There are 2 protein chains.
Amino acid sequence: MPTLTADRRRDQAKEEFDAFFASCPSRKVLDRLSDKWVTLVLVALGEHDLRYSELARRIAGVSPKMLTQTLRSLERDGLVTRAVTPTVPVTVDYALTDLGRSLLVVVGKVKDWAEANLHQVEAAREDYDNRDE
Amino acid sequence: MPTLTADRRRDQAKEEFDAFFASCPSRKVLDRLSDKWVTLVLVALGEHDLRYSELARRIAGVSPKMLTQTLRSLERDGLVTRAVTPTVPVTVDYALTDLGRSLLVVVGKVKDWAEANLHQVEAAREDYDNRDE
DNA sequence: CAGGATCCGTTCAGATACTG
DNA sequence: CAGTATCTGAACGGATCCTG
């Protein structure tokens with residue numbers, strides 16, 4: 001085969017990989033959870049339902065933009081519900097769905113691992129950092 | 001209290017929050033896992049130990065830079081080991097530590113959830129997208 | 001109260017080229 | 001073989017201002 005296939009083959013491999021990667025289910029979940037605010041919202045709503053402004057206060061530091069964006073994507077994925085009550089002014093309540101609660105369990109697993117192994121990781125880091133220098 | 005405290009209070013709250021957030025154990029783990037290549041390396045090494053170039057081939061699409069960066073941070077955290085054999089040319093073997101293997105179990109939990117609930121999430125998305133428009 | 005719109009700085013991944 | 005060094009563009013988060 002001529003040389004032109006070398007680069008082409010690599011490109012093709014990468015495209016296939018990207019496609020696989022994008023469609024990978026666990027990848028999607030990981031990407032969701034990795035979002036800075038998602039888990040915080042999940043945990044906050046796990047305790048009890050909250051209104052928009054209550055969430056904003058509870059998660060101190062989140063901008064309206066990010067909070068809305070996060071809530072919208074969670075709602076879209078069927079993880080939280082959004083209930084508008086047409087009072088004056090309007091009130092909007094957010095709550096976890098069953099699906100959202102089940103995801104919260106997974107987050108709990110991660111948290112358990114983190115708490116159980118954090119000191120090991122930090123010890124490893126110190127070792128590593130003191131190795132040379 | 002005078003008005004200047006309003007903004008100050010918010011800033012302070014945010015700083016405290018950021019500090020809390022940065023020191024949150026599960027946050028650190030989530031951030032690690034969210035890294036695009038970390039889980040892929042973990043899974044690849046979970047099957048069997050591999051050399052640098054083998055990893056690069058197995059994870060098609062990763063640049064040398066990213067692969068090295070990922071491996072270094074994993075090594076630093078005590079999740080993988082790096083063994084240099086001074087042959088000519090040198091060979092470098094990477095392997096999971098026990099800690100790395102235990103983290104792989106957590107990733108497995110996420111994967112399980114993803115596979116079990118992916119269709120629900122996608123159904124929710126279709127619902128949401130068809131709601132208006 | 002609950003957001004939408006916009007701008008802007010920083011971060012970060014990837015491509016490329018080079019080295020022991 | 002196993003990286004390192006540098007550059008650049010695209011994405012993203014945050015701040016700010018505005019609305020029903």
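Chain letters run A, B, ... following the sequence lines, proteins first and then strands; every chain starts at 1. Note that the structure is a prediction, hence the values are computed from the model and not measured.
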Taking the basic N atoms (NZ, or NE/NH1/NH2) and the acidic carboxylate oxygens, is any pair closer than 4.0 Å for B:D31 and B:R27? yes
If the cut-off is 4.0 Å, is A:R51 near the phosphate of C:dC1, judged by side-chain N/O to OP1 or OP2? no
Could you tell me whether the side chain of B:S73 and the main chain of B:T70 form a donor-acceptor pair under 3.5 Å? yes
Heavy-atom closest pair (B:L42 atom, B:L96 atom, distance to 0.1 Å) is O-CD1, 3.8 Å
Check whether any side-chain nitrogen or oxygen of A:Y94 sits under 4.0 Å from OP1 or OP2 of C:dG3, and answer yes or no. yes
Among D:dC1, D:dT4, C:dG3, find the nucleotide with the atom closest to the side chain of B:T68. D:dT4
Interatomic distance, A:I59 CD1 vs C:dG3 C1' [rounded to whole Å]: 16 Å
Is B:K28 salt-bridged to A:E122, going by a charged N under 4.0 Å from an acidic O? yes
Atom CG of A:L50 and atom CG of A:L55: how far apart are they, to the nearest 0.5 Å? 4.5 Å
Between B:R76 and A:E126, is there a side-chain N and carboxylate O pair less than 4.0 Å apart? no
Separation of C:dA2 P from A:L67 CG (nearest whole Å): 10 Å
Whether B:S53 contacts D:dA2 is assessed here as follows: a side-chain N or O lying under 4.0 Å from the phosphate OP1 or OP2. Is that the case? yes
If I take atom CG in residue A:D93 and atom C1' in nucleotide C:dA2, what distance separates them, rounded to the nearest angstrom? 12 Å
With a 4.0 Å cutoff (strictly under), does any side-chain N or O of B:R72 reach OP1 or OP2 of D:dG3? yes
Rounded to whole Å, please give me the gap between CG in B:L50 and C1' in D:dA2. 15 Å
A:D31 CG - D:dC12 P separation (whole Å): 10 Å
Test of understanding: with side-chain hydrogen bond (donor to acceptor under 3.5 Å, both in side chains), list the residues that count as partners of B:T91, not counting sequence neighbours. none
Verify the contact: side-chain N or O of A:R57 to OP1 or OP2 of C:dA2, cut-off strictly under 4.0 Å; return yes or no. no
Using a strict threshold of under 4.0 Å (side-chain N to carboxylate O), is an ion pair present between A:D112 and A:K109? no
Note the angle between the end axes of the helix from C:dC1-D:dG20 to C:dG20-D:dC1, five pairs defining each, rounded to 10 degrees. 50°
Nearest to the side chain of B:V92, heavy atoms from C-beta on, is which of C:dA2, D:dA2, D:dT4? D:dA2
Polar atom pairs between nucleotides 5-13 of chain C and protein, under 3.5 Å, N or O only, would you list them?
| residue | atom | partner | partner atom | Å |
| --- | --- | --- | --- | --- |
| C:dA13 | N7 | B:K65 | NZ | 3.4 |

Check whether any side-chain N or O of A:Y52 sits under 3.5 Å from a backbone N or O of A:P64 as a donor-acceptor pair, and report yes or no. yes
Let me know the distance between CG of B:L71 and C1' of D:dT4, rounded to the nearest Å. 14 Å
A:Y52 has its side chain closest, among D:dT4, C:dA2, D:dC1, to C:dA2
